[in-house]
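Notes for the one structure printed next.
All of these numbers come straight from a predicted model, not from anything done at the bench.
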Amino acid sequence: AGRYRASLARCTSALRALSAEPDRPEVQGARAELRLASAVVRHFQGRLTDARRLAVAALADAEAAGDRRAQAQAHLQLEMTMSYLGDPDHRSHGAAALALFEALGDDLGLGNLLLNMGVSAYDEGDWGGALRSYERSGAAYRRAGDVIGEASATNNRAEILTDQGRTDDAGEALTEARQVFTATGYRTGVAYTTSGRARLALRAGRFDEAHALIDEARAEFTRLGSDDMVVDSDVRLVEILLAEGRAADALAGARALGEIAGIAFLPVTLARLEGQALLALGRGEEARPILGSALAAARAAGIRFEEARCLLALGDLEAGAELLRALGVEQPLVP
């Protein structure tokens, strides 16, 4: 329901109540579940280091309790959070979770895991792998009867389709996902689709619409306490400003955000936008070192989409275009 603070308070109270209990398996199992719930909250609040710490502790509890389902969920959490942090160890946790969920016949767990693995593949530039993960995730959610999960996979597909320039397909996917999220009262999902619609409007050059939608998404993420997505919205606003030719405003917005910790791709995107804004203002000597640093960071983290956009900004049109073709991008990017 998006009531993150209330959820965290209840989990904290429950963990406090358990602290006086001896370490028998049922206590360890309950503690693992509560820490996992807390880790989910911290993840959606953008407190990724806290989320990882809680998931590591939950995994230890689950192993001590012999609870394979909780172990699988802890590995799932670590795959997701460590991927966001740019830690390559997320892959080993993903493989461990996949084996456990398949052995347990847990379609809901599989749906969640494959959704997260799709996000990891997307961030690392394996868009074909991401789309396959989302397809498998949606199928697993259907088997489990989870309409919100299936809609989440559809929403994530829309993100890739938008970046590829397949705007009609992306719009259909966003509409489908939004209808489910709205009908089920899943506010976080509705906010994600609002952000997705802003990106789609930007792609089409509908700047006034993009502004209105990103403002709406940011306001809802703020109400939900989803700090990482508030920052994401701020970065998207800088992108909109740059695309509509307001380079000075884009530069001011980028510099106002300063250093961004947490989600791996956001600092790269922000640096690339700052460099592009400087180029648009005719300040190439300032822009090139910033773009060079963004390019190096994108390559180090395996973020191929940002690598391509940095190359294009630096004037290496052939290499940038080749990377975009490999990602299936069909139309020129804005900006």
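- Salt bridge present: Arg199 and Asp163 bring a charged side-chain N and a carboxylate O closer than 4.0 Å.
- Scanning both residues, Arg69 and Leu104, for their nearest heavy atoms gives CA-CD1, 3.7 Å.
- Under a 3.5 Å cut-off, the side chain of Ser133 and the backbone N or O of Gly129 do form a donor-acceptor pair.
- Looking at Arg53 and Asp50, their side chains come closer than 4.5 Å, going by heavy atoms from C-beta outward.
- Tracing side-chain contacts under 4.5 Å through hydrophobic residues (I, L, V, M, F, W, Y), one never reaches Trp127 starting from Leu161; they form parts of separate clusters.
- For the pair Arg91 and Glu124, the salt-bridge criterion is met [side-chain N within less than 4.0 Å of a carboxylate O].
- Considering every non-hydrogen atom in both Glu274 and Ala254, the closest pair reads CB-CB, 4.1 Å.
- The main-chain N or O of Leu78 is never found under 3.5 Å from a side-chain atom of Thr81 such that the two would form a donor-acceptor pair.
- Hydrophobic clustering, with ILVMFWY side chains joined whenever heavy atoms are under 4.5 angstrom apart, groups Val231 together with Val238.
- Heavy-atom contacts from other residues, nucleotides or ligands closer than 6.0 Å to CZ of Arg10 number 12 or fewer.
- Side chain of Ser195 to backbone of Ala191: no donor-acceptor contact under 3.5 angstrom is found.
- In this structure, Thr162 and Thr167 have side chains that are not in contact, with every pair of non-hydrogen atoms separated by 4.5 Å or more.
- For Arg42 and Gln45, the side-chain atoms include at least one donor-acceptor pair closer than 3.5 Å.
- One hydrophobic cluster, built from ILVMFWY side chains closer than 4.5 Å, cannot hold both Leu36 and Val40; they sit in different ones.
- Without hydrogens or angle criteria, Ser7 side chain to Arg3 main chain gives no donor-acceptor distance under 3.5 Å.
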If you look only at distance, which donor and acceptor atoms sit under 3.5 Å apart when one is on a side chain in residues 243-250 and the other is two or more places apart or in another chain?
from, atom 1, to, atom 2, distance (Å)
Glu244, OE2, His211, NE2, 2.5
Glu244, OE2, Arg246, NH1, 3.2
Arg246, NE, Asp249, OD2, 3.0
Arg246, NH2, Asp249, OD2, 3.1

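- Taking both residues in full, the closest heavy atoms of Gly125 and Leu327 are given as O-CD2, 2.9 Å, listed atom of the first, atom of the second, then distance.
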* **Step-by-step salt bridge (Lys or Arg N to Asp or Glu O under 4.0 Å) determination, Arg304 to Glu307** => CA-CA 5 Å; Arg304 297 176 67 203; Glu307 179 184 352; 5.5 Å; no

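- A donor atom on one side chain and an acceptor atom on the other are found under 3.5 Å apart for Arg178 and Thr194.
- Counting heavy atoms of neighbouring residues, nucleotides and ligands inside a 6.0 Å radius, atom CD of Glu21 exceeds 12 of them.
- Of the N and O atoms on the side chains of Thr188 and Tyr4, at least one donor lies less than 3.5 Å from an acceptor on the other residue.
- When all heavy atoms of Ala39 and Ala55 are compared, the pair lying nearest together is CB-N, 4.1 Å.
- Summarising the local packing, CD of Glu26 is surrounded by more than 12 heavy atoms from other residues, nucleotides or ligands at distances under 6.0 Å.
- Between Arg218 and Asp234 a salt bridge is recorded (basic side-chain N to carboxylate O distance below 4.0 Å).
- If you check the side chains of Gln276 and Arg272, you find a donor sitting under 3.5 Å from an acceptor.
- Every residue two or more places apart in sequence or in another chain that forms a side chain to side chain donor-acceptor pair (under 3.5 Å) with Glu209 is listed here: Arg206.
- In the displayed structure, Glu322 atom CD is contacted under 6.0 Å by at most 12 heavy atoms of other residues, nucleotides or ligands.
- Ring planes of Tyr192 and Phe221: perpendicular class, angle over 60° (limits at 30 and 60°).
- Every salt bridge (charged side-chain N to carboxylate O under 4.0 Å, His left out) that Asp87 has, sequence neighbours left out, goes to Arg52.
- Closest non-hydrogen pair, Ala144 versus Leu108, comes out as CB-N, 3.8 Å.
- Using a 4.0 Å cut-off between charged nitrogen and carboxylate oxygen, Arg31 and Asp23 count as a salt-bridge pair.
- A donor-acceptor pair is defined here as one N or O able to donate and one able to accept, closer than 3.5 Å; such a pair exists between the side chain of Tyr134 and the backbone of Val119.
- Under a hydrophobic-cluster definition in which Ile, Leu, Val, Met, Phe, Trp and Tyr are linked whenever side-chain heavy atoms come within less than 4.5 Å, directly or via other members, Ile214 and Leu202 are assigned to the same cluster.
- Closest heavy-atom contact between Glu33 and Ala70: OE2-CB, 3.9 Å.
- No donor-acceptor pair closer than 3.5 Å links the side chain of Ser83 to the backbone N or O of Met80.
- Under 4.0 Å is where a charged nitrogen must lie from a carboxylate oxygen, and between Arg132 and Glu135 no such pair does.
- Salt-bridge formation is detected for the pair Arg309/Glu239: a Lys NZ or Arg NE/NH1/NH2 atom is positioned less than 4.0 Å from an Asp or Glu carboxylate oxygen.
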